Every structure is written in structure tokens, then in C-alpha cells.
Participant: 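I'd like to ask you about the structure that follows.
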Amino acid sequence: KITNMTKIIDQLEKKRLEAREGGGKKRIDAQHARGKLTARERIEVLLDEGSFEEYDMYVEHRTNDFGMANQKFAGDGVVTGSGRINGKLVYVFSQDFTVFGGSLSETHASKICKVMDMAIQNGAPMIGLNDSGGARIQEGVSSLGGYAEVFKRNILASGVIPQISVIMGPCAGGAVYSPAITDFIFMVRGSSYMFVTGPDVVKTVTNESVTAEDLGGAGTHTTKSSVADIAFDNDVLALREVRRLLKYLPASNRVAPPFSKVHDSPVRVENSLDSLIPSDAGVAYDIKELIIKLADEYDFFEIQSDFARNIVIGFIRLGGSSIGVVANQPKVLAGCLDVDSSRKAARFVRFCDAFNIPILTLVDVPGFLPGTQQEYGGIIKH
Ligand code: HXC
């Protein structure tokens with residue numbers, strides 16, 4: 001009996017090892033050669049050490065078409081589970097590009113949905129690490145049905161738990177819509193892309209020639225489209241900043257925003273602020289200096305720093321409490337309000353509202369930016 005048990009344990013260990021290998025060594029090496037971490041390495045960087053509890057490690061897809069019956073990988077291209085960040089519970093999925101390009105199959109989707117359901121039920125943030133070629137082509141409409149299930153949960157979770165997406169690879173087609181409706185999107189420079197149709201399709205349909213980077217790279221989405229919030233130079237930096245962002249966010253809309261002891265005096269005097277605002281109203285100054293000096297421990301987590309820079313948004317702490325800051329930036333376009341800055345601020349205010357985070361507004365604004373471009377852009381509505 002004991003030898004039987006040892007055999008079973010050995011088999012289990014072998015299966016675990018196989019699952020951890022994802023799509024195999026060659027594909028893992030290719031992932032590393034592109035400067036990308038694997039799905040599992042990313043989870044290790046993201047979560048507190050040793051806190052990851054994996055679910056559904058051995059789940060495989062159920063397709064037999066296109067020779068798929070004999071192409072199965074334990075986990076089916078996504079690693080899911082729960083863990084802790086700074087001691088707090090979070091749920092996570094991490095797509096594995098080494099397995100069918102991280103593409104979404106029916107079972108891959110149901111694994112993601114399971115952790116989303118748990119996050120909503122238990123009131124804990126949901127973090128998605130995205131690295132996916134979109135719908136699993138071999139599954140056709142079953143894959144698309146899987147997307148529908150994921151999107152539905154994004155909507156149910158919206159305003160209930162914080163949802164954070166990190167784009168860490170070529171997210172094409174269906175892979176972009178779910179992140180787009182989450183609260184914060186981080187991207188990695190040089191290795192992550194988001195587009196509904198890639199450069200080849202663009203060329204065929206509109207005859208426009210554009211590189212993947214220009215069409216949907218981190219630069220494009222953090223400066224032009226505002227689809228993404230912040231760009232980072234590599235996977236590790238992006239994941240570390242997710243950990244930092246979470247310090248400002250409540251676990252759900254059912255609990256108070258975080259409060260933590262800070263090593264800063266609430267009556268600290270900043271003499272330099274006496275002369276920050278110039279006596280001449282025509283002279284610009286940097287509102288970020290004021291925000292940083294107001295903040296506990298001079299710590300400011302800025303969101304969308306490279307888009308609509310005439311308004312500044314982000315999180316600070318005041319007396320230990322988490323606070324959202326919205327501030328006009330006199331240094332850029334004299335801090336006037338236009339379509340982009342209005343959209344940027346409004347979305348942020350909506351997030352803070354949903355999660356009971358107080359807002360500090362710093363106002364120094366000459367008014368709206370006049371002109372046809374603004375009116376045609378719908379400034380009135382924005
Ligand atoms: C199945 C896929 C896949 C997919 C990639 N692979 N995308 N398998 N379904 N969607 C597989 C490849 O066959 C390959 O397998 C491995 O993943 C790595 O892909 P490569 O092409 O070698 O990598 P790379 O050159 O880096 O290119 C990555 C890529 C490209 C840009 C993502 O693979 C690509 O364009 N894929 C297709 C994208 C796409 O059309 N997706 C569907 C969109 S439609 P091997 O075995 O060689 O390692 C959609 C509709 C959603 O999503 C609608 C929702 C409502």
C-alpha cells in the first residue's frame with residue numbers, strides 16, 4: 001500500500017512539474033529572450049513570497065478539432081489563484097504565452113471566471129496579467145463565448161472590487177476588451193501591445209502602414225489614446241508598481257479606504273510653498289511640487305502622467321488616509337480644461353467615488369480651452 005501511495009505521489013509530482021513547464025523549455029527560452037518573464041515568474045514577483053495558492057493547475061482544453069486532441073497542456077495557458085500583496089488577499093490570473101500564445105479557450109476563460117467570481121464574492125482586488133494572442137482560433141465560437149463570460153464579470157465587478165490589468169505581451173483582438181474596462185492598465189515598454197486589429201489587417205483594410213509599436217505600444221496608449229495609465233521599462237517594475245498602487249486602494253467598496261500609520265507629522269511646515277505660487281498670474285509653476293510636499297512622506301502615486309498633462313491625478317496619503325488628488329497643472333496649457341483632461345479627471349473621480357476615497361481638489365484654472373477642435377470633440381459632454 002505504501003509503495004502504491006509513493007507511486008501516486010511521484011505521479012502527482014511529475015504532473016506538477018509538467019504543468020510548471022507550460023509550453024516547454026524552448027518556448028520559455030523564447031519568452032525570456034524577449035525580455036519577458038513567464039506567467040509563473042510574474043506571479044512570484046507580484047505576490048508576497050510563498051503566498052500563492054494555485055487553482056485548476058491540471059485543467060486542459062476540450063477541443064478535438066484541428067488536431068487539438070493530442071495537443072494538450074496542463075493549465076491550458078493561464079495560471080490562476082489567490083495570494084497576498086502586502087499581507088492583503090488578492091486574486092490573480094496570469095496568461096501563459098508559451099501555451100497556444102496565451103490564447104483564450106473555453107476552459108481558459110472558465111478558469112479566469114472562477115477567480116473573478118471568488119474576488120467579487122470575497123471582496124478582494126482582481127489582478128490580470130495579460131499576454132495573449134486573443135481568441136483560441138481552433139475553438140471558434142466557444143472561445144468567443146468564453147470572452148462574453150469574462151466581460152460580464154468585469155461589469156459586475158466594476159465599482160465593487162478594484163480591477164487592475166497589466167499588459168505584458170501582444171494583446172490582440174478579444175484580449176484587449178476585458179483590460180479596457182478594468183480600473184487601471186499598466187503596460188510594459190517594447191514588449192506589450194494592445195490593438196483590436198494588428199498592423200497586417202490595418203494595411204489590408206485601410207492601406208495604412210504602421211508598426212505594432214506605433215499602433216498599440218505602451219507609448220501610444222499612455223500618451224495618445226489614454227487606454228493605458230502608466231508605461232514601465234520591464235515586467236518587474238510594472239509588477240512592483242501594482243503592489244505599490246494597491247496600498248492606496250480598499251479591498252472592495254464594502255470596506256473603508258486604507259489607513260496606515262505614516263512616519264510624517266501632520267503639522268509639518270513646508271516653507272518653500274510660500275513662494276511656489278508666483279505673484280504674477282502669468283507665470284507658470286509646477287503643481288506636482290505642491291502635491292508632493294502636501295503628501296505624507298512626500299509619496300505621490302501619479303496616474304496617467306503622460307496624457308493630458310494639463311491635469312494631474314493620483315493618490316497620496318494625508319494623516320495616513322488614502323486620498324485621490326485632482327489638480328490643474330498651470331505648467332501645461334496654463335492648466336486649462338479640454339476634452340482629454342476632462343475625461344482623464346472624470347474617470348478618476350468616478351473610481352474614487354465608487355471606492356469611497358476622499359478627493360482633494362487643487363484648483364488653478366483659466367477655464368476651458370476654446371475652439372472648433374474642442375467643440376467638435378464634444379467638450380460640452382466631456
Ligand atoms: C491559437 C495562437 C493564437 C491564437 C498565437 N497562437 N495566437 N494559437 N489561437 N489566437 C500560437 C501560435 O500558433 C504559436 O504556436 C504561439 O501561439 C506563438 O505565436 P507566434 O505567432 O509564434 O508569436 P509572435 O510572433 O510573437 O506573434 C504573437 C501574435 C500572433 C501577434 C499574438 O501570434 C498573432 O497575430 N496571433 C493571432 C492573433 C489573432 O488573430 N487572434 C484572434 C483575434 S479575433 P506555436 O505552437 O508555434 O508555439 C478575437 C475576437 C474576439 O480575438 C472577439 C471577442 C468578442
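Worth saying up front: this structure is predicted, and the values here are computed from it rather than measured. Values reported hereafter were calculated over all heavy atoms of this structure, with side chains retained and with hydrogens, waters and symmetry mates removed.
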Participant: Could you tell me whether I380 atom CD1 has more than 12 heavy atoms of other residues or ligands within 6.0 Å of it?
Facilitator: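 Incorrect, the count does not exceed 12.
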Participant: For the NZ atom on K331, are there more than 12 heavy atoms of other groups (residues, nucleotides or ligands in this structure) within a distance under 6.0 Å?
Facilitator: no
Participant: Taking CZ in R240 as the centre, count heavy atoms belonging to other residues, nucleotides or ligands within less than 6.0 Å. Is the count above 12?
Facilitator: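 Open.
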Participant: Okay, side chain of N64, backbone of A69: is any donor-acceptor separation there less than 3.5 Å?
Facilitator: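 No; judged by distance alone, with no hydrogens or angles, the pair does not exist.
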Participant: In sequence, state the C-alpha distance, the side-chain angles, and the governing distance for T80 and Y91, and then conclude on side chain to side chain donor-acceptor pair (under 3.5 Å).
Facilitator: CA-CA 8 Å; T80 58; Y91 288 85; over 6 Å; no
Participant: Is the number of heavy atoms from other residues, nucleotides or ligands under 6.0 Å of Q373 CD greater than 12?
Facilitator: no
Participant: Determine whether a donor-acceptor pair (N or O, by modelled atom type, separation under 3.5 Å) exists between the side chain of T197 and the backbone of V202.
Facilitator: no
Participant: If only atom types and distance count, is the side chain of S192 paired as donor or acceptor with the main-chain N or O of M168 below 3.5 Å?
Facilitator: no
Participant: One thing to verify: whether E106 and R62 come together as a salt bridge, which I'm taking to mean a side-chain N less than 4.0 angstrom from a carboxylate O.
Facilitator: yes
Participant: Provide the closest heavy-atom pair for Q71 versus F66 in the form atom of the first, atom of the second, distance.
Facilitator: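 Scanning both residues, the minimum pair turns out to be NE2-O, 4.5 Å.
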Participant: Between V92 and L46, which heavy-atom pair has the shortest distance, and what is it?
Facilitator: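 In this case the closest contact between V92 and L46 is CG2-CD2, 3.8 Å.
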Participant: Would T220 and Y193 count as having a side-chain donor-acceptor pair, cut-off 3.5 Å?
Facilitator: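 No, because no side-chain N or O of T220 sits under 3.5 Å from a partner of the opposite role on Y193.
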Participant: Check the surroundings of atom CZ in R309: do more than 12 heavy atoms from other residues, nucleotides or ligands lie under 6.0 Å from it?
Facilitator: no
Participant: Is E18 salt-bridged to K15, cutoff N-O under 4.0 Å?
Facilitator: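 Result for this pair is no, no salt bridge flagged.
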Participant: Is K111 reaching over with its side chain to a backbone N or O of G75, donor-acceptor style, under 3.5 angstrom?
Facilitator: yes
Participant: What do you reckon, is CD of E49 surrounded by more than 12 foreign heavy atoms closer than 6.0 Å?
Facilitator: no
Participant: Students often mix this up, so state it plainly: with edges at 30° and 60°, are the rings of Y147 and F151 parallel, tilted or perpendicular?
Facilitator: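 Parallel.
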Participant: Are R268 and Y298 in a cation-pi setup, meaning NZ or CZ lies under 6.0 angstrom from the ring centre and within 45 degrees of the ring axis?
Facilitator: yes
Participant: Considering only NZ, NE, NH1 and NH2 on the basic side and carboxylate oxygens on the acidic side, decide whether R40 and E44 come within less than 4.0 Å.
Facilitator: no
Participant: Does atom NZ of K224 have more than 12 heavy-atom neighbours, drawn from other residues, nucleotides or ligands, at distances under 6.0 Å?
Facilitator: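 Incorrect, the count does not exceed 12.
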Participant: Can D48 and R243 be counted as an ion pair, charged N to O under 4.0 angstrom?
Facilitator: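 Judged by the 4.0 Å cut-off on N to carboxylate O distance, D48 and R243 do form a salt bridge.
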Participant: Establish whether V78 and M116 are linked, either directly or via other cluster members, by ILVMFWY side-chain heavy-atom contacts under 4.5 Å.
Facilitator: yes
Participant: Report yes or no: does S252 contribute a side-chain atom to a donor-acceptor pair with the main-chain N or O of I161 at less than 3.5 Å?
Facilitator: no
Participant: Of all heavy-atom pairs between I303 and K344, which one has the smallest distance, and what is that distance?
Facilitator: O-CE, 4.1 Å
Participant: Mind checking whether F73 and F100 have parallel, tilted or perpendicular rings, split at 30° and 60°?
Facilitator: perpendicular
Participant: Whether D131 and R42 form a salt bridge (side-chain N of Lys/Arg under 4.0 Å from carboxylate O of Asp/Glu) is what I want to check.
Facilitator: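 Result for this pair is yes, salt bridge flagged.
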Participant: Does F97 have K36 sitting over its ring (NZ/CZ under 6.0 Å from centre, angle to axis within 45°)?
Facilitator: yes
Participant: Side chain of Q329, backbone of D286: donor and acceptor closer than 3.5 Å?
Facilitator: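 Checking the backbone N and O of D286 against the side chain of Q329, no donor-acceptor pair under 3.5 Å is found.
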Participant: Quick check: closest heavy atoms across V339 and Q374, and the distance to 0.1 Å?
Facilitator: N-OE1, 2.9 Å
Participant: Determine whether V166 and F232 make a side-chain contact, defined as any pair of heavy atoms from C-beta on separated by less than 4.5 Å.
Facilitator: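 Counting from C-beta outward, V166 and F232 never come under 4.5 Å.
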Participant: Which is it for K293 and S272 under the side chain to side chain donor-acceptor pair (under 3.5 Å) test, yes or no, and what are the steps along the way?
Facilitator: CA-CA 9 Å; K293 287 177 176 168; S272 62; 2.8 Å; yes
Participant: Taking D229 for the side chain and I185 for the main chain, is one N or O donor matched with an acceptor at less than 3.5 Å?
Facilitator: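 Side chain of D229 to backbone of I185: a pair is present.
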Participant: If I compare all heavy atoms of F259 with all of S321, which pair ends up nearest, and what's the gap?
Facilitator: CD1-OG, 3.5 Å
Participant: For S341 and L337, indicate whether the former's side chain and the latter's backbone hold a donor-acceptor pair under 3.5 Å.
Facilitator: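 No; judged by distance alone, with no hydrogens or angles, the pair does not exist.
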Participant: Looking at I230 and Q304, what are the two nearest heavy atoms and their distance?
Facilitator: CG1-N, 4.3 Å
Participant: Does a salt bridge link R136 with D76, judged by any charged N lying under 4.0 Å from a carboxylate O?
Facilitator: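 D76 and R136: salt-bridged.
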Participant: Salt bridge check: are K25 and E21 linked by an N-O gap of less than 4.0 Å?
Facilitator: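 A salt bridge is absent here (no side-chain N lies under 4.0 Å from a carboxylate O).
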Participant: So does H263 get a backbone contact from the side chain of E297, meaning a donor-acceptor N/O pair under 3.5 Å?
Facilitator: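 Answer holds: yes.
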Participant: Determine, for D340 against R343, whether the closest basic-nitrogen to carboxylate-oxygen distance falls under 4.0 angstrom.
Facilitator: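 Result for this pair is yes, salt bridge flagged.
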Participant: When the aromatic ring centroids of F315 and F348 are compared, is their separation below 6.0 Å?
Facilitator: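 Distance test on ring centres: under 6.0 Å, yes.
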Participant: Does T63 form a side chain to side chain donor-acceptor pair (under 3.5 Å) with E139? I'd like the steps, not just the answer.
Facilitator: CA-CA 7 Å; T63 325; E139 290 200 11; 2.8 Å; yes
Participant: So, the side chain of K72 versus the backbone of H61: is there a donor-acceptor pair under 3.5 Å, distance only?
Facilitator: yes
Participant: Run the side chain to side chain donor-acceptor pair (under 3.5 Å) check on N154 and S178 step by step: do they pass?
Facilitator: CA-CA 7 Å; N154 285 130; S178 168; 2.7 Å; yes
Participant: Under 6.0 Å from the NZ atom of K203, do we count more than 12 heavy atoms belonging to anything else shown?
Facilitator: yes
